[in-house]
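The first residue in the sequence is number 1, and the count goes up from there. In this text, all values refer to a predicted model and were calculated from it rather than measured experimentally.
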Amino acid sequence: MTQAIQEPSSRHSLQGTFKAGTFKLWPFLCVRGAGFPVDWALSLSAAGISRQADLLNAKQNELQRVQEKTLQHLRAQLEASPTRTPERDRLVKWVRALQQGRCPESDSSGLQPFREALQAVQEQQDAYQHTFQQDMPEVTRTLQELALKPLFQEAVLWQNRRAFQSGIQPLLNHQPGLEKRSSQVRQHEQMVASYLQRYSLKNDSIGFFGPIGWGGFQQAPFQVLHKPGKQLLKRRQVYWEGWALDAFARSLSSLPGMQPWLPPRLKSFVGFEGTTLTLPGRPGIPLDVPGVTLLKLCNGERSAQQIADLAAQQGVPAQQVYGLFSQLQQQGLLDWSFRAPLEPHAERYLLSQLQQIGDPGLKKLALGQLEQLEQGRQAVQEAHGNPEKLNLALGKLDEVFQQITGQDTTRGAGRNYAGRTLVYEDCQRDLHFEVGQLLLDRLGPALELLLVSGNWATAQLGRLYRQVFHGLYQQIAAALGQQAFDIAVFWQQAQPLMLGPDAPAKQVLHLFQQKWAEILDLDPESKQVHFTLQELEAKVRAAFDTPDLGWQSARYQCPDIMVSASSLEALQNGDYQLVMGEMHLAQNTQVTALFVQQHPDAALIEHLLETDIPQARLHPVPPEDWEGYTTRTSLGVVPGKDHRLIMSENIASTPLKQQIPIGDLVVELQDGQLIARTRDHRISFDLIEAVAEGLNEVAVDFFRLLAEKPHQPRVAFGDLVVSRENWTVQVDALKFANLKAESSRFLEARRWAASQGLPRLVFVKTPVEGKPFFVDFDSPVYVELFCKAVRRTQEAGKPSLKISEMLPTPENTWLTDHEGHTYTCEMRCVVVRQEAQEGHGEHGG
């Protein structure tokens with residue numbers, strides 16, 4: 001690993017990257033890349049079929065030209081014969097036949113060009129159909145060869161064992177050329193192709209098919225240094241999904257005799273005002289002083305027996321203690337069970353709970369069951385590299401889990417990135433990677449213009465939502481007749497204002513895109529547009545410069561940068577183009593668990609967070625059904641000065657002193673500023689900081705320079721492509737997707753793609769798919785995936801989908817393994833704004 005990664009003193013050392021010095025880079029970057037070589041996905045092209053399809057489309061175009069010319073000639077003859085005659089009647093019949101695409105039965109020389117063009121189409125149609133039937137078995141064989149690869153099988157097993165058994169294995173039993181390609185066989189082919197494009201062309205970070213690599217920035221005169229390790233992977237680790245361990249913990253809680261050893265905890269929405277138990281939007285429950293004292297002991301760490309023992313010292317009998325717990329549990333105010341957090345290594349937290357069981361028999365049973373599950377997880381980890389062993393190990397783990405808990409082994413069917421299975425694997429890529437000053441000098445000036453506009457967007461969002469929240473506060477306060485009220489009441493009404501379909505944030509996005517449209521003034525007919533930085537800098541700064549900071553986490557922007565180069569040597573020689581992927585606003589994506597767990601120095605991440613934002617922050621522990629919230633996406637680092645906001649029954653392993661249940665926070669207006677404070681006035685936050693996670697969700701994918709139009713050109717600022725060429729397509733226009741025959745769909749898809757000026761390789765994003773997917777218009781299988789997605793979009797009643805060019809293209813991938821195979825990749829950086837106006841963090845303490 002480079003010195004830049006290992007040494008905390010190198011923090012933000014690359015201040016010269018950006019002209020104004022306002023933005024600074026973290027000293028390391030994440031290399032996100034595919035786990036399969038890029039050429040695997042491209043092997044599904046069918047050059048012969050594509051060539052014959054293009055010949056057929058060309059002959060059909062020629063037929064249309066000849067048809068129109070012949071019709072014009074015949075109509076001219078009709079105009080010259082105004083009176084009805086046998087000759088005119090014959091001309092009328094010929095016109096009708098031609099309009100229907102038929103050649104009249106006549107030896108007239110005037111019809112000969114059309115007759116020849118029609119014959120040529122019919123002959124080419126036969127040639128195309130013959131080639132399609134002859135060559136598709138070879139595509140199937142290629143799919144089978146790929147599906148036989150142990151790496152591919154292992155990846156699919158991790159993603160979906162049922163799909164492996166019901167789709168992959170049946171395809172391997174098919175005999176291309178001897179058996180008919182039934183609709184079921186085509187579905188199996190599409191399944192293989194769908195997984196393949198993800199593993200070969202998507203820069204996802206998951207498992208060995210999306211391993212996480214790390215690199216550093218160096219202030220030295222080179223472009224990039226890259227040396228692959230002896231293996232693709234440096235580290236592999238299998239983790240529990242937190243939901244699975246939580247389900248196991250709940251099953252232990254129901255065992256007879258376990259109740260005294262369970263840790264009771266008040267639900268997160270319950271708070272205290274003196275001797276009153278407060279509930280959001282409901283009357284409080286009065287308690288006596290001993291009852292308050294008793295319930296404040298229910299912190300989720302002490303067992304019921306331990307609390308009863310403490311109460312006995314005050315003369316409160318155990319029966320009264322258990323009676324109160326049972327009553328509150330029945331009222332839905334108290335959770336009395338073992339729990340596990342949705343975090344990596346949740347088994348360690350659960351183990352600490354089980355160690356407190358005082359009954360030797362129950363303790364042995366509980367620890368024995370946890371050991372069984374842990375042995376199953378370990379067996380899965382040891383099965384890497386062997387799909388047969390992995391399949392058996394995953395199956396055995398499912399079986400043990402079901403026997404112990406009586407629950408399903410998957411959840412969230414049909415949801416993307418939902419942490420569906422019991423365990424998952426994350427991996428670290430084995431490579432030495434450094435980015436030098438020469439590349440930064442080319443990247444920095446163009447990237448800075450984007451950062452300036454991104455900071456403007458979050459500043460505008462912060463300004464807007466301070467006004468929105470103030471109005472909402474006044475509305476709720478008037479309705480309740482209270483100047484201070486539960487933040488849960490406020491959050492419930494604020495959430496749709498941030499994340500709902502008609503959220504005010506759209507006003508900011510519209511203005512953001514309008515400003516860029518005025519600056520760029522693009523010609524939609526252009527294919528590519530290039531701006532010099534001198535042309536843009538003054539305009540961009542005039543439109544977007546602001547000293548404001550929307551909220552504390554809005555300091556961060558995380559750009560994904562790709563490098564398009566034909567080889568590593570070309571890159572090192574400066575022969576490359578930089579391409580912007582996504583720009584994540586208001587979130588530091590490298591602090592999520594999936595990155596922190598694979599980072600060689602998590603302490604450095606915490607050090608950087610501490611110094612970037614000195615104010616204490618409030619990080620939510622959201623409900624389990626929060627969109628996109630899984631063990632992998634949970635917060636991986638919590639600085640000691642920060643707090644966790646417990647919003648639901650989900651728990652955190654953070655020390656109790658850093659936890660704030662949502663029921664302990666109220667909203668009030670203090671000196672003209674909205675704040676969220678604890679009921680005891682010990683801690684308070686600017687309200688916008690308390691609900692910042694909602695604003696982060698608004699902003700994270702907010703960065704879209706160009707509004708959707710039927711066509712937008714590729715746009716480059718200096719050496720950086722900031723927007724790839726893209727098309728917004730109305731799905732009703734894609735009628736070829738509903739044609740009956742596969743060969744017809746492929747033929748017409750290529751005709752349509754050519755008419756739109758689409759490149760061969762594109763990515764498609766539909767409203768019904770979680771992520772963009774790859775389409776190769778030379779591949780009948782990928783075109784089938786495209787047609788299927790179009791039909792799903794039509795069935796969902798969605799009007800359009802978006803297509804963008806693939807850039808970098810496969811021949812311009814340069815990240816290699818030790819065998820010389822190339823992989824797609826991107827560099828995810830963390831940029832922090834330092835010299836912005838300070839917002840309000842925690843008050844008091």
Side-chain angles (χ1 to χ4, degrees), residues 245-341 349-363 365-366 405 486 488 621 623-624 644 646-653 655-657 659-664 679-680:
L245 280 185
D246 197 48
F248 165 60
R250 289 172 180 266
S251 73
L252 288 178
S253 304
S254 63
L255 292 175
M258 188 65 82
Q259 197 172 48
W261 316 113
L262 303 177
R265 60 176 61 79
L266 285 172
K267 294 291 183 71
S268 61
F269 59 81
V270 177
F272 289 100
E273 286 280 6
T275 58
T276 300
L277 209 61
T278 62
L279 305 171
R282 293 159 55 187
I285 301 174
L287 299 170
D288 56 19
V289 173
V292 172
T293 303
L294 186 65
L295 291 182
K296 285 188 175 180
L297 294 173
C298 298
N299 57 15
E301 292 192 348
R302 299 183 184 91
S303 70
Q305 183 63 55
Q306 289 173 321
I307 296 173
D309 290 343
L310 292 171
Q313 297 174 14
Q314 306 299 320
V316 181
Q319 185 177 2
Q320 183 177 335
V321 173
Y322 287 110
L324 178 61
F325 291 168
S326 295
Q327 178 186 349
L328 292 176
Q329 185 181 39
Q330 291 171 6
Q331 293 174 339
L333 304 179
L334 182 130
D335 182 14
W336 193 359
S337 64
F338 292 127
R339 297 301 305 269
Y349 182 92
L350 182 57
L351 178 61
S352 69
Q353 289 186 316
L354 302 186
Q355 293 284 8
Q356 297 184 48
I357 298 174
D359 182 303
L362 285 174
K363 183 175 182 178
L365 175 61
T405 68
D486 296 270
V621 180
E624 188 175 313
R644 302 303 307 273
I646 311 300
M647 301 179 65
S648 66
E649 293 186 14
N650 277 348
I651 64 172
S653 63
L656 284 175
K657 65 180 181 180
Q659 297 186 26
I660 302 176
I662 194 170
D664 197 30
R679 294 181 185 276
D680 61 6

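Judged as a salt bridge (Lys or Arg N to Asp or Glu O under 4.0 Å), and not counting sequence neighbours, the contacts of Asp246 are Arg250, Arg339. For Asp680, the salt bridge (Lys or Arg N to Asp or Glu O under 4.0 Å) partners are Arg682, not counting sequence neighbours.
For the pair Phe269/Pro661, no side-chain contact is recorded, criterion being any heavy-atom separation below 4.5 Å from C-beta on. Side-chain contact check for Leu252 versus Leu255: some heavy-atom pair is nearer than 4.5 Å. A 4.5 Å side-chain heavy-atom check between Leu354 and Lys363 finds every atom pair outside the cut-off. At a threshold of 4.5 Å between non-hydrogen side-chain atoms, the residues Leu328 and Leu295 count as touching. Using a 4.5 Å heavy-atom threshold, the side chains of Val270 and Leu279 count as touching. For the pair Leu294/Gln320, no side-chain contact is recorded, criterion being any heavy-atom separation below 4.5 Å from C-beta on. Between Val316 and Thr293 the shortest side-chain heavy-atom distance does not fall below 4.5 Å.
Listed here is the closest heavy atom pair of Leu297 and Arg302: O-NH1, 3.0 Å. Counting all heavy atoms, side chain and backbone alike, Pro623 lies closest to Asn650 at C-ND2, 3.3 Å. Nearest heavy-atom pair, Asp486 versus Gly281, reported as atom, atom and distance to 0.1 Å: OD2-N, 4.3 Å. Between Phe325 and Leu334 the shortest heavy-atom distance is O-CD2, 3.9 Å. Nearest heavy-atom pair across Ser303 and Pro264 is C-CD, 4.0 Å. For the residue pair Gly300 and Arg265, the shortest heavy atom distance occurs at O-NH2, 3.2 Å.
Taking CG from Leu333 and SG from Cys298, the interatomic distance works out to 12.0 Å, rounded to the nearest 0.5 Å. To the nearest 0.5 Å, atoms CZ (Phe338) and OG (Ser251) are separated by 10.5 Å. Interatomic distance, CD of Glu301 versus CD of Gln356, reported as 8.0 Å (0.5 Å rounding). Distance check: Thr275 OG1 to Ile285 CD1 gives 12.5 Å after rounding to the nearest 0.5 Å. The distance from atom CG of Leu324 to atom CG of Leu287, rounded to the nearest 0.5 Å, is 7.5 Å. Atom CD1 of Ile646 sits about 13.0 Å away from atom CG of Leu266, to the nearest 0.5 Å.
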- Query: Step by step, would you call Phe272 with Thr278 a side chain to side chain contact (heavy atoms under 4.5 Å, CB included)?
  - Reply: CA-CA 6 Å; Phe272 289 100; Thr278 62; 5.9 Å; no
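For Gln313 and Asp309, the side-chain atoms include no donor-acceptor pair closer than 3.5 Å.
The aromatic rings of Trp336 and Tyr322 sit parallel, their planes meeting at an angle under 30°, below the 60° perpendicular limit.
Checking Glu649, Met647, Gln659, Arg644 one by one against Val621, the side-chain contact (heavy atoms from CB on, under 4.5 Å) holds for a single residue, Arg644.
The local environment of CD in Gln314 is sparse, with at most 12 non-hydrogen atoms from other residues, nucleotides or ligands closer than 6.0 Å.
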